[in-house]
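What follows is a set of notes on a single structure, which appears directly below.
We number each residue from 1, following the sequence as shown. Everything quoted here is computed from the prediction, not taken from an experiment.
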Amino acid sequence: MSFVFPPAPTPSVPVLGRAERFPVRRVICVGRNYVEHAKEMGFTGREPPFFFFKPADAIVPVNAGETGSIAYPSLTRDLHHEIELVACIGTGGRSILAADALKHIWGYAVGLDMTRRDLQGEMKKQGRPWEIGKSFEQSAPIGPITPAAQAGDVANAEIWLKVNGQDRQRSNVGKLIWNLGEIIEHVSAAWELAPGDLIFTGTPEGVAAVVAGDTLVGGVGGLETLSVKVAG
């Protein structure tokens with residue numbers, strides 16, 4: 001097969017302790033999936049889940065023990081951090097039941113959903129799609145993937161983020177409004193999941209702005225931490 005220009009390389013994420021990498025197909029994100037974060041964004045309660053996508057070039061893979069780098073994006077003056085547990089799909093399917101969902105997860109990682117909050121807010125006011133606030137290049141840094149069998153009890157793990165050594169976000173994955181199984185059930189009812197899909201499962205309270213020069217370090221209990229510096 002020939003192409004009119006060379007195709008882009010397949011995005012991939014390192015796997016902890018292995019030479020093989022995890023190829024990324026697409027990035028699916030769950031919105032407002034912790035009660036306290038929903039409240040700080042002006043919402044309350046267990047609303048029906050909703051989703052948005054990021055492009056594959058949003059992924060910024062960071063190796064274990066290293067600090068990655070992301071550029072401060074264009075058009076914004078209010079770049080926010082959102083620390084998240086990422087479920088990495090290894091077995092696809094449609095209309096997967098929550099009770100069977102965890103069998104479809106190959107592994108887990110720590111990710112950041114970087115958000116141009118001012119642009120997102122403006123689109124919300126106008127009732128327009130807010131991809132411009134979420135779906136941009138380098139908006140999804142992600143650490144190494146830990147295979148599910150080695151990840152421990154991620155469903156009840158602590159999740160946290162520090163900026164320049166100071167606590168910003170700290171909660172527990174057990175506080176997800178829609179848990180891992182329920183998320184996969186809802187997502188797979190709308191889209192057929194396939195190996196290589198990454199699901200960013202939502203962020204707890206404490207989201208706030210970062211500026212060029214800031215270093216973000218986040219983690220989920222039992223997984224490799226993620227360290228990222230915001231470049232100018």
Side-chain angles (χ1 to χ4, degrees), residues 1 3 7-34 48-63 82-113 129 131 134-157 159 173-174 176-203 220 222-224 226:
M1 182 182 295
F3 299 93
T10 300
S12 64
V13 181
V15 175
L16 199 62
R18 295 176 60 167
E20 301 95 337
R21 297 176 67 91
F22 185 94
V24 177
R25 178 173 179 256
R26 58 185 173 182
V27 182
I28 305 165
C29 304
V30 186
R32 294 198 298 264
N33 202 24
Y34 286 82
F50 67 95
F51 311 96
F52 58 92
F53 287 74
K54 288 178 179 280
D57 63 1
I59 290 294
V60 180
V62 181
N63 293 321
E82 298 190 6
I83 192 69
E84 310 206 6
L85 169 67
V86 183
C88 310
I89 300 299
T91 304
R94 182 181 290 278
S95 299
I96 299 165
L97 296 178
D100 299 324
L102 298 189
K103 295 185 293 187
H104 294 258
I105 298 176
W106 192 90
Y108 299 94
V110 180
L112 280 163
D113 167 17
E131 277 81 1
K134 289 283 192 178
S135 305
F136 54 94
E137 302 92 333
Q138 299 187 15
S139 62
I142 183 171
I145 296 172
T146 299
Q150 302 170 27
D153 186 14
V154 293
N156 295 291
I159 181 171
V173 177
L176 283 169
I177 296 172
W178 300 94
N179 65 35
L180 289 165
E182 292 168 329
I183 289 168
I184 289 173
E185 182 174 289
H186 281 285
V187 171
S188 66
W191 302 279
E192 184 172 359
L193 287 174
D197 287 342
L198 301 179
I199 303 178
F200 280 61
T201 59
T203 195
V220 172
L223 305 181
E224 186 73 22
L226 169 64

Open item on the list: Check the orientation of Trp191 and Phe51. Use parallel for under 30°, tilted for 30 to 60°, and perpendicular for over 60°.
Closed with: perpendicular
Task: Close side-chain approach of Val173 to Thr201, heavy-atom, < 4.5 Å - done: no
Open item on the list: Between Trp106 and Pro147, is there a side-chain heavy-atom distance shorter than 4.5 Å?
Closed with: yes
Open item on the list: Using modelled atom types and a 3.5 Å cut-off, is there a donor and acceptor pairing between side-chain atoms of Ser139 and backbone atoms of Ala58?
Closed with: no
TODO: Supply the atom-to-atom distance Ser95 OG to Asp100 CG, rounded to the nearest 0.5 angstrom.
DONE: 12.0 Å
Open item on the list: Could you report the tightest heavy-atom contact between Pro11 and Ala56, atom names first, then the distance?
Closed with: CG-CB, 3.6 Å
Task: CD1-CD1 distance between Ile183 and Ile96, expressed to the nearest 0.5 angstrom - done: 13.0 Å
Open item on the list: Among Leu226, Ile142, Val62, exactly one meets side-chain contact (heavy atoms from CB on, under 4.5 Å) together with Leu112. Which residue is that?
Closed with: Leu226
Open item on the list: Please report the interatomic distance CG(Asn33) to CD(Glu84), rounded to the nearest 0.5 Å.
Closed with: 9.0 Å
TODO: Locate the shortest heavy-atom distance separating Pro61 from Val13; write the atom from each residue and the value.
DONE: CB-CA, 4.2 Å
Task: Closest non-hydrogen atom pair between Val60 and Gln138, with its separation - done: CG2-CA, 3.5 Å
Open item on the list: Using modelled atom types and a 3.5 Å cut-off, is there a donor and acceptor pairing between side-chain atoms of Lys54 and backbone atoms of Lys134?
Closed with: yes
Open item on the list: For Ile177 versus Glu182, what's the shortest heavy-atom pair and its separation?
Closed with: O-OE1, 4.0 Å
Task: CA sep, side-chain torsions, deciding dist, call: Ile184, Ile105, side chain to side chain contact (heavy atoms under 4.5 Å, CB included) - done: CA-CA 9 Å; Ile184 289 173; Ile105 298 176; 3.6 Å; yes
- [ ] Output the distance between atom CD1 (Ile199) and atom CD1 (Ile89), rounded to the nearest 0.5 Å.
- [x] 4.0 Å
Open item on the list: Before you tell me yes or no, could you show the steps for Val187 and Asp197 under side chain to side chain contact (heavy atoms under 4.5 Å, CB included), namely the whole-Å CA-CA distance, both residues' side-chain angles and the distance that decides it to 0.1 Å?
Closed with: CA-CA 11 Å; Val187 171; Asp197 287 342; over 6 Å; no
Task: Donor-acceptor under 3.5 Å (Ser135 side chain, Phe53 main chain) - done: yes
- [ ] Could you tell me which non-hydrogen atom of Pro195 sits nearest to which non-hydrogen atom of Gly92, and how far apart they are?
- [x] CD-N, 3.9 Å
Open item on the list: For a 4.5 angstrom cut-off between non-hydrogen side-chain atoms, does Trp178 reach Val30?
Closed with: no
- [ ] Determine the minimum heavy-atom distance between Ser188 and Leu193, stating which atoms define it.
- [x] CB-CD1, 4.1 Å
Task: Leu223/Leu85 under side chain to side chain contact (heavy atoms under 4.5 Å, CB included): CA gap, chis, key distance, verdict - done: CA-CA 9 Å; Leu223 305 181; Leu85 169 67; 3.7 Å; yes
Task: Minimum side-chain heavy-atom gap Glu185-Leu97 below 4.5 Å - done: yes
TODO: Kindly indicate, with the supporting measurements, whether the criterion side chain to side chain contact (heavy atoms under 4.5 Å, CB included) is fulfilled by Leu176 and Tyr34.
DONE: CA-CA 5 Å; Leu176 283 169; Tyr34 286 82; 3.4 Å; yes
TODO: Answer whether the closest heavy-atom distance between the side chains of Thr203 and Asp113 falls below 4.5 Å.
DONE: no
Task: Note, Thr146 side chain near Val154 side chain (heavy atom, < 4.5 Å) - done: no
